Participant: 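So that we are looking at the same thing, I have put the structure below in structure tokens.
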Amino acid sequence: MNKKINKHLSLGTTTDGDLTLTIKTLQRHFACFGSSGSGKTVASKVVMEELARQGIPIIAFDPQGDIASLALIESNEELEKRGVESSIQKDFEENVEVVIWTPGSSKGLPICINPLQFDEIDELSYEDKTRTFSSIAKNISSLVGYDLDNDDGKSAEAVLAVLFEHCYNENITLFDFNDVVEILGDLPETVSMVVASVGTSQFLKGLMKKLSLLTLGSRKLIFQTGVPANIDALLGKDGSTDKTRISVIYLNTLHSTEEKEFFISGISQLLYRWMLKNPLKGGQEGVQCAMFIDEIAPYIPPVKVPSCKQNLELLFRQGRKYGVSSLIAT
């Protein structure tokens, strides 16, 4: 699918000559900082365009609609005005496709995440399975309104993590949150012991009520509407295209900060699992895919720990050895 990757990205020109960046450098990630209107998003888009031109697919989170404009093709007159060779645009148009995904909405290409499907974690180590159950429980607890820093939030995370591990070990399929509520209403002994140690019956009733709300109204759309999120599909490695894919996930179709954090966390978790199964070949250097988040500050604040922060930090710490580059702007 992808053409042979060069070692350098051409980002533009300066008074001293061409501005280039090695792909190997991006294996250690890329951060672009600047005040509002300083051009950080434009600079990041140039990096993404050049990565895609070199055959490296990208998953890009777009909180404001700025990244979706990668799908627009400039006129030759505009290219000439900006000093861009038309051959560069032609190369991009012929070899790259930009796909806009819209979580919870059918206005674009709808995409959903069902966090209750555990069939892809069989090959993970015991430690990674435990981390996965904890991460899923944290995401859901935050989504339904728990503060992850207080006791109730930690209790909800603990109860759900133990419940998910029990269901996985006993081959119990959870289709939706109604199934989770049903199990919480008739607790298995192992889960009951955890509930008794971290919460009261009143707490459990509150958790069940919050989870039931995920099956009603617009909230259920992010679990049920559209194509189930799959990293191979987002990267165009599922055989659906012969071009290099840039998947733009447009976050403004989600209606709350918690929903956006949930979706970023879910995709990050799927990408982490994907890279564990798809390491770089022995001795290989470079980048096999990239993830970009524009305006990342709300999702990795220095003090608060939103549900997506832990999964993002995992990618930042371990992505290099797997050739998964993280690009951020803020």
Side-chain angles (χ1 to χ4, degrees), residues 59 61 63 101 103-104 111-121 124 128-168 174-181 183-184 194 198 206-215 218-226 228-231 234 249 251 253-274 276 291 293 296 298-301 304-316:
I59 299 171
F61 292 99
W101 301 93
I111 185 173
C112 63
I113 291 181
N114 185 345
L116 305 177
Q117 303 300 309
F118 309 132
D119 51 339
E120 294 185 359
I121 70 171
L124 298 181
D128 280 323
K129 286 177 182 175
T130 300
R131 185 181 292 114
T132 296
F133 293 133
S134 177
S135 178
I136 294 171
K138 187 188 296 286
N139 294 350
I140 294 171
S141 299
S142 176
L143 181 62
V144 297
Y146 284 105
D147 183 343
L148 299 177
D149 292 328
N150 68 25
D151 288 344
D152 279 353
K154 293 174 183 177
S155 296
E157 178 187 343
V159 170
L160 291 176
V162 171
L163 185 149
F164 295 152
E165 185 173 9
H166 168 80
C167 291
Y168 175 79
L174 299 172
F175 292 101
D176 58 31
F177 286 100
N178 284 318
D179 295 329
V180 178
V181 172
I183 293 176
L184 287 172
V194 173
V198 300
L207 175 59
M208 293 168 64
K209 181 178 180 180
K210 288 176 180 289
L211 293 173
S212 295
L213 293 176
L214 294 180
T215 66
S218 62
R219 272 288 173 93
K220 67 182 181 181
L221 297 178
I222 60 178
F223 314 117
Q224 301 176 7
T225 299
N230 175 278
I231 297 301
L234 291 174
I249 300 176
L251 295 177
T253 53
L254 301 172
H255 300 298
S256 70
T257 299
E258 290 79 15
E259 289 181 359
K260 294 175 183 179
E261 290 174 357
F262 171 83
F263 221 88
I264 291 175
S265 186
I267 298 295
S268 299
Q269 188 177 78
L270 291 174
L271 182 56
Y272 177 75
R273 286 190 230 162
W274 180 89
L276 292 180
M291 177 190 71
I293 304 181
I296 196 175
Y299 307 112
I300 52 169
K304 188 184 175 186
V305 184
S307 61
C308 56
K309 184 175 180 178
Q310 183 179 10
N311 287 326
L312 290 174
E313 288 179 340
L314 264 177
L315 290 175
F316 297 160

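Bear in mind that the values here come from a model prediction, so they are computed numbers and not experimental data.
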Participant: Take Leu148 and Ser307 through the test side-chain contact (heavy atoms from CB on, under 4.5 Å) and record every step on the way to the result.
Facilitator: CA-CA 8 Å; Leu148 299 177; Ser307 61; 4.1 Å; yes

Participant: Considering only heavy atoms from C-beta outward, does the side chain of Lys154 approach that of Tyr146 to under 4.5 Å?
Facilitator: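 Of all side-chain heavy-atom pairs linking Tyr146 with Lys154, none is under 4.5 Å.
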
Participant: Checking Glu259 side chain against His255 main chain: does a donor-acceptor pair fall under 3.5 Å?
Facilitator: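 Checking the backbone N and O of His255 against the side chain of Glu259, a donor-acceptor pair under 3.5 Å is found.
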
Participant: Give the minimum heavy-atom separation between Leu207 and Ala156, together with the two atoms involved.
Facilitator: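 The pair with the smallest heavy-atom distance is CD1-CB, 4.3 Å.
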
Participant: Check whether Glu313 reaches the backbone of Cys308 with its side chain - one donor and one acceptor, N or O, closer than 3.5 Å.
Facilitator: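 No, Glu313 side chain to Cys308 backbone: no donor-acceptor pair under 3.5 Å.
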
Participant: Testing the basics here: between Ile231 and Ile267, what is the closest heavy-atom pair and its distance to 0.1 Å?
Facilitator: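 Distance-wise, the nearest heavy atoms are CD1-O, 4.0 Å.
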
Participant: State, yes or no, whether a side-chain contact exists between Leu214 and Phe223 at a heavy-atom distance under 4.5 Å.
Facilitator: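 Counting from C-beta outward, Leu214 and Phe223 do come under 4.5 Å.
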
Participant: Could you measure the distance from the CZ atom of Phe133 to the NZ atom of Lys138? Nearest 0.5 Å is fine.
Facilitator: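 Interatomic distance, Phe133 CZ to Lys138 NZ, rounded to 0.5 Å: 15.5 Å.
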
Participant: So Val194 and Val198, do their side chains get closer than 4.5 Å, heavy atoms only?
Facilitator: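 When only atoms from C-beta onward are counted, Val194 and Val198 do touch, with a gap below 4.5 Å.
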
Participant: Can you name the closest pair of heavy atoms from Val181 and Ser212 and give their distance?
Facilitator: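 Smallest heavy-atom distance, with atoms named: CG2-OG, 3.6 Å.
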
Participant: Measure across Asn178 and Thr215 and return the closest heavy-atom pair with its distance rounded to 0.1 Å.
Facilitator: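 That closest heavy-atom pairing would be OD1-CG2, 3.6 Å.
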
Participant: What's the shortest heavy-atom distance between Pro103 and Trp101, and which atoms?
Facilitator: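 Looking at all heavy atoms of both residues, the closest pair is CD-O, 3.6 Å.
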
Participant: Can you find a pair of side-chain heavy atoms, one from Leu174 and one from Phe164, that are under 4.5 Å apart?
Facilitator: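 SC-SC contact between Leu174 and Phe164 confirmed.
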
Participant: Are Leu312 and Met291 side-chain neighbours, meaning at least one heavy-atom pair lies under 4.5 Å?
Facilitator: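 Yes, close enough: below the 4.5 Å cut-off.
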
Participant: Is Ile59 close to Ile249 at the side-chain level, that is, under 4.5 Å between some pair of heavy atoms?
Facilitator: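 Counting from C-beta outward, Ile249 and Ile59 do come under 4.5 Å.
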
Participant: Return the CD to OG1 distance between Glu165 and Thr132, rounded to the nearest 0.5 Å.
Facilitator: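 Glu165 CD to Thr132 OG1: 11.0 Å, rounded to 0.5 Å.
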
Participant: Between Val180 and Leu116, does a side-chain contact (heavy atoms from CB on, under 4.5 Å) hold up when you go through it step by step?
Facilitator: CA-CA 9 Å; Val180 178; Leu116 305 177; 3.9 Å; yes

Participant: Please lay out, stage by stage, how Val159 and Leu184 fare under the test side-chain contact (heavy atoms from CB on, under 4.5 Å).
Facilitator: CA-CA 9 Å; Val159 170; Leu184 287 172; 4.0 Å; yes

Participant: What's the spacing between Lys260 NZ and Ile222 CD1 if we round to 0.5 Å?
Facilitator: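 Answer rounded to 0.5 Å: 12.5 Å.
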
Participant: Can you tell me how far the OG atom of Ser135 sits from the CD atom of Glu157, to the nearest 0.5 Å?
Facilitator: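 Result: 8.5 Å between the selected atoms.
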
Participant: In Å and rounded to the nearest 0.5 Å, what is the OG to CG distance from Ser134 to Asn139?
Facilitator: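 The CG atom of Asn139 is 9.5 Å from OG of Ser134, to the nearest 0.5 Å.
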
Participant: Mind checking the CD-OG spacing from Gln310 to Ser265? Nearest 0.5 Å is all I need.
Facilitator: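 Nearest 0.5 Å value for the CD-OG distance: 8.0 Å.
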
Participant: Within the 4.5 Å heavy-atom criterion, are Cys167 and Ile183 side-chain neighbours or not?
Facilitator: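 The answer is yes; the side chains approach within 4.5 Å.
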
Participant: Are the charged groups of Asp128 and Arg131 less than 4.0 angstrom apart, N to O?
Facilitator: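 Yes, charged N to carboxylate O under 4.0 Å.
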
Participant: Can the positive tip of Lys129 be found less than 6.0 Å from the middle of the six-membered ring of Tyr168, inside 45° of the ring normal?
Facilitator: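 No, a cation-pi geometry is absent between Lys129 and Tyr168.
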
Participant: Could you go through the ring pair (Phe, Tyr, Trp, His ring centres under 6.0 Å) check for Phe61 and Phe263 one step at a time?
Facilitator: CA-CA 10 Å; Phe61 292 99; Phe263 221 88; 7.8 Å; no

Participant: Apply side-chain contact (heavy atoms from CB on, under 4.5 Å) to Tyr299 and Glu261, showing your working.
Facilitator: CA-CA 7 Å; Tyr299 307 112; Glu261 290 174 357; 4.0 Å; yes

Participant: Checking the side chain of Lys210 only, and the main-chain atoms of Gly145 only, is there a donor and an acceptor separated by less than 3.5 Å?
Facilitator: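 Looks like no, no N/O pair under 3.5 Å.
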
Participant: I'd like to check Asn311 versus Tyr272 (side-chain heavy atoms, cut-off strictly below 4.5 Å). Are they in contact?
Facilitator: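 Result no, sub-4.5 Å side-chain heavy-atom pair not found.
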
Participant: List the atom of Leu221, the atom of Cys112, and the distance in Å for their closest heavy-atom pair.
Facilitator: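 Distance-wise, the nearest heavy atoms are O-CB, 4.2 Å.
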
